[in-house]
Amino acid sequence: MKKIILFVDDEPQVLQSLSITFQKAYDVLTTTNGHEAIDLVKRKPISVVISDQRMPHMLGHELLREVKAINPAAMRILLTGYADIEAIMASVNIGDVFRFVNKPWKNDKLRETVALAVELSEKTTRLSVEHQLITSAENSDIFQGVSHSTMHILVVDTNPVHLQAISEVFINECIVHTARTAEAAFQTLKTLPVAVVITDTQIGETDGVDFLAAVREDYADVVPILLSDSKDASVAIRLINE
């Protein structure tokens, strides 16, 4: 059975072009209306939602935020021709967007992105079922009294003042580890069950986005967080796509 993907754009010709590109591989749904898109997500097992950002009545990142709330396993891709930093940051922090695709897109690259999103959607659905089974088991009498380990987080920054300040925020809730270089951070990741990595945009000579991309490559379950005092659209787009 073909996986279902949904395209949302206020330009009918764009939807027609996308439908032609993907209809052989997927069951393609299209709409020009964000509210109709939400209704479709509620009624159908959609794997991927690809939405334009600049639409009347509902912006793309607002729609994807609703999609995430309804079906977290539906991967979300933002399609836009504008380098809108506020939209990009919202797509990272609110809509939890899987990829950011610029218009005009390249068909081969978009096909690759959608295929990866479908694969991740399947994996997310499977893990969700497994998590529910584990949670049910933990709530049974067999697991009563079993304690859970405290979460480990790793803060990576060359500035010791920043390390101290962030550590103090979490010291009563987590086991906090710090590192001042990427090399030291990877050594910690090798030896400890780190759940979250928090880093600056620059770690000495190492680019923070490159560092997080390398972390995700080797430690896919670790949640990455990038701290930045600049509003650089290129950095935000790299965060999504890399």
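Note that these values count all heavy atoms, side chains included, but never hydrogens, waters or copies made by symmetry.
When hydrophobic clusters are built by joining Ile, Leu, Val, Met, Phe, Trp and Tyr residues whose side-chain heavy atoms come closer than 4.5 Å, directly or via intermediates, Ile175 is not grouped with Val194. Cluster membership for Val28 and Ile20, using ILVMFWY side-chain heavy atoms within less than 4.5 angstrom, is not shared. Using a 4.5 Å cut-off between side-chain heavy atoms of Ile, Leu, Val, Met, Phe, Trp and Tyr, with links allowed through other members, Val169 and Ile225 fall into the same hydrophobic cluster.
Side-chain contact check for Asn107 versus Arg111: some heavy-atom pair is nearer than 4.5 Å. No side-chain heavy atom of Phe170 sits under 4.5 Å from any side-chain heavy atom of Val155. The shortest distance between side-chain heavy atoms of Arg99 and Leu116 falls below 4.5 Å. Annotation: side chain of Leu189 is not in contact with side chain of Asp218 (no heavy-atom distance under 4.5 Å). A heavy-atom distance below 4.5 Å is found between the side chains of Leu227 and Ile166.
A distance of 5.0 Å separates CG of Leu15 from CG of Asp9, quoted to the nearest 0.5 Å. In this structure, CD in Gln13 is found 10.5 Å from CG in Leu18, a value given to the nearest 0.5 Å. Taking NZ from Lys2 and CD from Gln23, the interatomic distance works out to 7.5 Å, rounded to the nearest 0.5 Å. Atom CD of Glu119 and atom NZ of Lys123 lie 8.0 Å apart (nearest 0.5 Å). Asp200 contributes atom CG, which lies 12.0 Å from atom OG1 of Thr206 (distance to the nearest 0.5 angstrom). We find the OG1-CH2 distance between Thr113 and Trp105 to be 12.5 Å, quoted to the nearest 0.5 Å.
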Just list the side-chain donor-acceptor pairs under 3.5 Å for residues 157-164, sequence neighbours left out, or say none.
from: Asp157; atom 1: OD1; to: Asn159; atom 2: N; distance (Å): 2.8
from: Asp157; atom 1: OD2; to: His162; atom 2: ND1; distance (Å): 3.3
from: Asn159; atom 1: OD1; to: Val161; atom 2: N; distance (Å): 2.8
from: Gln164; atom 1: NE2; to: Glu168; atom 2: OE2; distance (Å): 2.7

List the atom pairs, donor and acceptor, that lie under 3.5 Å between side-chain atoms in residues 44-52 and the rest of the protein, sequence neighbours left out.
from: Asp52; atom 1: OD1; to: Lys103; atom 2: NZ; distance (Å): 3.4

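When every heavy atom of Ala195 is checked against every heavy atom of Met151, the shortest pair comes out as CB-CG, 3.5 Å. Heavy-atom minimum distance, Ile203 versus Ala182: CG2-N, 4.0 Å. The minimum heavy-atom distance between Ala185 and Ala179, with the atom names listed, is N-CB, 3.7 Å. Scanning all heavy atoms of the two residues, the minimum distance from Ala37 to Leu63 falls at CB-CD1, 4.0 Å. Smallest separation of non-hydrogen atoms from Met75 and Ala117: CG-O, 3.1 Å. Residue Gly208 comes nearest to Thr199 through the heavy atom pair O-CG2, 4.4 Å, listed as atom of the first residue, atom of the second, then distance.
Side-chain atoms of Gln53 do not come within 3.5 Å of backbone N or O of Leu59 as any donor-acceptor pair. At distances below 3.5 Å, not a single donor-acceptor pair connects side-chain atoms of Thr30 with backbone N or O atoms of Phe7.
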Side chain to side chain contact (heavy atoms under 4.5 Å, CB included) between Leu154 and Val222, worked out
CA-CA 10 Å; Leu154 172 61; Val222 173; over 6 Å; no
Which is it for Tyr26 and Lys3 under the side chain to side chain contact (heavy atoms under 4.5 Å, CB included) test, yes or no, and what are the steps along the way?
CA-CA 5 Å; Tyr26 305 101; Lys3 298 299 180 180; 4.2 Å; yes
Evaluate Lys190 against Tyr219 for side chain to side chain contact (heavy atoms under 4.5 Å, CB included), listing each step before the verdict.
CA-CA 9 Å; Lys190 289 178 183 178; Tyr219 304 93; 3.3 Å; yes
CA sep, side-chain torsions, deciding dist, call: Leu110, Phe22, side chain to side chain contact (heavy atoms under 4.5 Å, CB included)
CA-CA 10 Å; Leu110 186 57; Phe22 287 91; 3.7 Å; yes
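Evaluation of the side-chain hydrogen bond (donor to acceptor under 3.5 Å, both in side chains) test over residues 171-181, restricted to residues two or more places apart or in two chains, returns His152-His177.
Applying the side chain to side chain contact (heavy atoms under 4.5 Å, CB included) criterion to Asn33, with sequence neighbours excluded, gives Thr31, His35, Glu36. With sequence neighbours left out, Asp221 forms a salt bridge (charged side-chain N to carboxylate O under 4.0 Å, His left out) with no residue at all. Evaluation of the salt bridge (charged side-chain N to carboxylate O under 4.0 Å, His left out) rule for Lys109 yields Glu112 as partners, not counting sequence neighbours.
Around atom CD of Gln16, no more than 12 heavy atoms belonging to other residues, nucleotides or ligands sit under 6.0 Å away.
In this structure, Asp39 does not pair ionically with Lys42, as no charged nitrogen and carboxylate oxygen lie closer than 4.0 Å.
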